[in-house]
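Because only heavy atoms are used, hydrogens play no part in the values below, and waters and symmetry mates are left out as well, while side chains stay in. Lettering of chains follows the sequences in order, A, B, ..., and the numbering in each one begins at 1.
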There are 2 protein chains.
Amino acid sequence: MTRREKFRQITIDEIKSLARLQMAEGGTASLSLNAIARQMGMSGPALYRYFENRDALLTALIVDAYHDLASELEETAARFADQTARECLKQVLLTYRRWALDHPVDFQLIFGNPIPGYQAEEALTAPSAGKVFAPILRILERAYRLENRAFPAFLAEIPSPLRVGLAASLQENQPDLLQQVVYIGLVGWYHIHGMIMLELFQHIQPLINEPALFYQFEIERLMDQMNL
Amino acid sequence: MTRREKFRQITIDEIKSLARLQMAEGGTASLSLNAIARQMGMSGPALYRYFENRDALLTALIVDAYHDLASELEETAARFADQTARECLKQVLLTYRRWALDHPVDFQLIFGNPIPGYQAEEALTAPSAGKVFAPILRILERAYRLENRAFPAFLAEIPSPLRVGLAASLQENQPDLLQQVVYIGLVGWYHIHGMIMLELFQHIQPLINEPALFYQFEIERLMDQMNL
DNA sequence: CACATTAGTTATAATATATAACTTATGTTA
DNA sequence: TAACATAAGTTATATATTATAACTAATGTG
């Protein structure tokens, strides 16, 4: 990495960092390239040397967010790899919520509704999205394959035309995933996602005194259902 | 209602309608007062006679969306009021999904992340949010109070510091709701919410070939858990 | 030290929200 | 019906924004 490339990277990082700060204050729509440039003490158009346009900056932030979340989940999964699958999954799901609350803007960038006027570049963001789901699937696979846990009974009653599966691009390194594991993973994902969304957007607070406790109790219940 | 007020209302409705159309095409951030005015054949500033600013228009759209969803849910609840609570709830939850799919923009306005730069006026939107939750609670109350269904076993294991209840603003016409009912309602809400998000925003890669079937199967499972 | 590349600059075009000041249409009332 | 107040629209303007074009200054290399 040449000296120039190094400085360039520093500048890019500063831009992204200020962008995140800006959105943390005024919401995901308050992102202004001009304002960032001003804060950095340079003129607006200078930013276009680093990001082709506003959407390119947003895409970069989204990819970063995916990576950050994924790596935190992976880290937790690794740290508890020697525990039971249930304990490991529990810790991963707790990390998931923790990350969402600690990085509300990043979470919205990933899972919130599309930014006004912004069309996500699927090609760029999709591979990163898969990385988030991967550790969960891996733990489930461990539970049902290595720990030989029985699949929950309800799986047998899934109506036959219903099929779930991973897109080809996600299947790398996850060769013969069982259909059942994906189904259970999906159920788990929508459970935690529903809870976190409601909490993050303040829909849950009027109804409950301790969201953290609610979340903990519900993921225990979820894992009971999963027969973990 | 005077003649003037009538025409004024028509204009307001046209503005809102065009706003929704615009957002349906370009996302929630593509809302432009100027563009609406142009489409209506008048100058930009004229719109400010009808809405103080952009946020006021957005707030109006959000309140409308809440009302529309709530009234559809109420209608379904009323139509199936003579059936079992389970059947009635099932129909209401199906309506919920149907509405979300038919009105993606409205759904995003309500439950998506806050629009960039837009700070929801809690005072204006919170009461409307309660109206969406109300029919679900009413059906659950009917099930456990009138139909005398037993509460699911897991309720007994809720950790004691955890308390659920309705905020005062939501409690109108719902005087002494059981804590348990609210808890179950909350669980139901986050379930369907998570599923709809999953389907609508396709954030996660595992693909479902028949989302409708998935949803149906999962709400049956949900109601089994609720012991309905 | 010459020179190509990179990184910045100013100027400008096109739009956006929003306000101010002015004008026209509309309905009411003396 | 004429006078008048109000409502609804206009144009002009201030201040942002994104983005492009054209130019200049800095930087590192041969």
Side-chain angles (χ1 to χ4, degrees), chain A residues 1-23 25-62 109 114-121, chain B residues 1-23 25-62 109 114-121:
Chain A
M1 196 185 210
T2 71
R3 185 173 175 74
R4 255 196 181 146
E5 281 169 338
K6 210 175 70 187
F7 277 118
R8 185 178 175 82
Q9 195 53 52
I10 289 173
T11 307
I12 287 176
D13 289 344
E14 191 181 347
I15 292 170
K16 292 199 282 199
S17 161
L18 285 172
R20 269 186 281 263
L21 217 68
Q22 216 175 79
M23 294 174 115
E25 283 171 10
T28 50
S30 71
L31 180 67
S32 158
L33 298 190
N34 267 308
I36 292 171
R38 232 176 296 129
Q39 282 182 63
M40 292 177 72
M42 64 182 181
S43 69
L47 277 199
Y48 289 77
R49 296 274 174 214
Y50 301 93
F51 293 97
E52 203 179 339
N53 52 33
R54 199 166 161 279
D55 278 12
L57 173 53
L58 277 169
T59 300
L61 291 172
I62 289 172
L109 279 175
I115 312 292
Y118 170 74
Q119 301 275 35
E121 322 257 331
Chain B
M1 198 185 210
T2 71
R3 186 174 174 74
R4 254 194 181 146
E5 282 171 338
K6 211 176 69 187
F7 277 117
R8 186 180 173 82
Q9 195 52 54
I10 290 173
T11 307
I12 287 176
D13 288 344
E14 191 181 347
I15 293 170
K16 291 200 281 199
S17 162
L18 285 172
R20 270 186 280 263
L21 217 70
Q22 217 175 78
M23 294 173 115
E25 283 172 11
T28 49
S30 71
L31 180 68
S32 156
L33 299 190
N34 267 307
I36 292 171
R38 232 177 295 130
Q39 280 182 65
M40 292 178 72
M42 63 183 183
S43 69
L47 277 198
Y48 288 78
R49 296 275 175 213
Y50 300 94
F51 293 96
E52 205 180 338
N53 52 35
R54 200 166 160 279
D55 278 13
L57 173 54
L58 276 169
T59 300
L61 291 172
I62 289 172
L109 279 175
I115 312 292
Y118 169 75
Q119 300 275 33
E121 323 256 329

Distance check needed: [N] [atom2] versus [X] [atom1], whole Å only.
X: A:Ile12; N: C:dG8; atom1: CD1; atom2: P; value: 11 Å
X: B:Gln9; N: D:dA8; atom1: CD; atom2: P; value: 11 Å
X: B:Tyr48; N: D:dA12; atom1: OH; atom2: P; value: 18 Å
X: B:Leu31; N: C:dA18; atom1: CG; atom2: C1'; value: 15 Å
X: B:Tyr50; N: D:dG9; atom1: OH; atom2: C1'; value: 8 Å
X: B:Leu57; N: C:dA18; atom1: CG; atom2: P; value: 10 Å
X: B:Glu52; N: C:dT19; atom1: CD; atom2: C1'; value: 12 Å
X: B:Glu14; N: D:dA8; atom1: CD; atom2: C1'; value: 15 Å

Are A:Ile36 and A:Leu57 close enough that some pair of their side-chain heavy atoms sits under 4.5 Å apart?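 With C-beta onward as the side chain, the pair touches.
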Decide yes or no for B:Ile15 and B:Leu33: does some side-chain heavy atom of the first lie under 4.5 Å from some side-chain heavy atom of the second?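 Heavy-atom side-chain distance check fails, nothing below 4.5 Å.
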- Would you list the pairs meeting side chain to side chain donor-acceptor pair (under 3.5 Å) in which at least one residue belongs to residues 8-20 of chain B, sequence neighbours left out?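 Sorted result for residues 8-20 of chain B: B:Gln9-B:Asp13, B:Lys16-B:Asp64.
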| message | Quick test of your reading: applying side chain to side chain donor-acceptor pair (under 3.5 Å), list the pairs with at least one residue in residues 32-50 of chain A, sequence neighbours left out, ordered by first then second residue. | response |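 Qualifying pairs, neighbours excluded: none.
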For [N] and [X] - does any side-chain N or O of the residue sit under 4.0 Å from the phosphate oxygens OP1/OP2?
X: A:Asn34; N: D:dA16; result: no
X: B:Ser43; N: D:dG9; result: no
X: B:Arg54; N: C:dA16; result: no

Candidate nucleotides [options], ranked by approach to the side chain of [X] - the nearest:
X: A:Arg38; options: D:dT17, C:dT19, C:dG8; answer: D:dT17
X: A:Ser32; options: C:dA16, D:dA8, D:dT18; answer: D:dT18
X: B:Leu33; options: D:dT11, D:dT20, C:dT17; answer: C:dT17

Practice item. Could you pull out all residues at least two apart from A:Glu52 that satisfy side-chain contact (heavy atoms from CB on, under 4.5 Å)? Key: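 Listed in chain order: A:Ala56.
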Requested in this report: Enter the distance from A:Leu31:CG to A:Met23:CE here, rounded to the nearest 0.5 Å.
Outcome: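 Going from the CG atom of A:Leu31 to the CE atom of A:Met23 covers 5.0 Å.
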| message | Can a donor-acceptor pair be found, under 3.5 Å and without considering hydrogens, that links the side chain of A:Thr28 to the backbone of A:Leu109? | response |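 It does not hold such a pair.
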Quick tally for nucleotides 21-30 of chain D: nucleotides whose base has a protein heavy atom under 4.0 Å get B, sugar-phosphate-only ones S, the rest -, giving B----BBS--
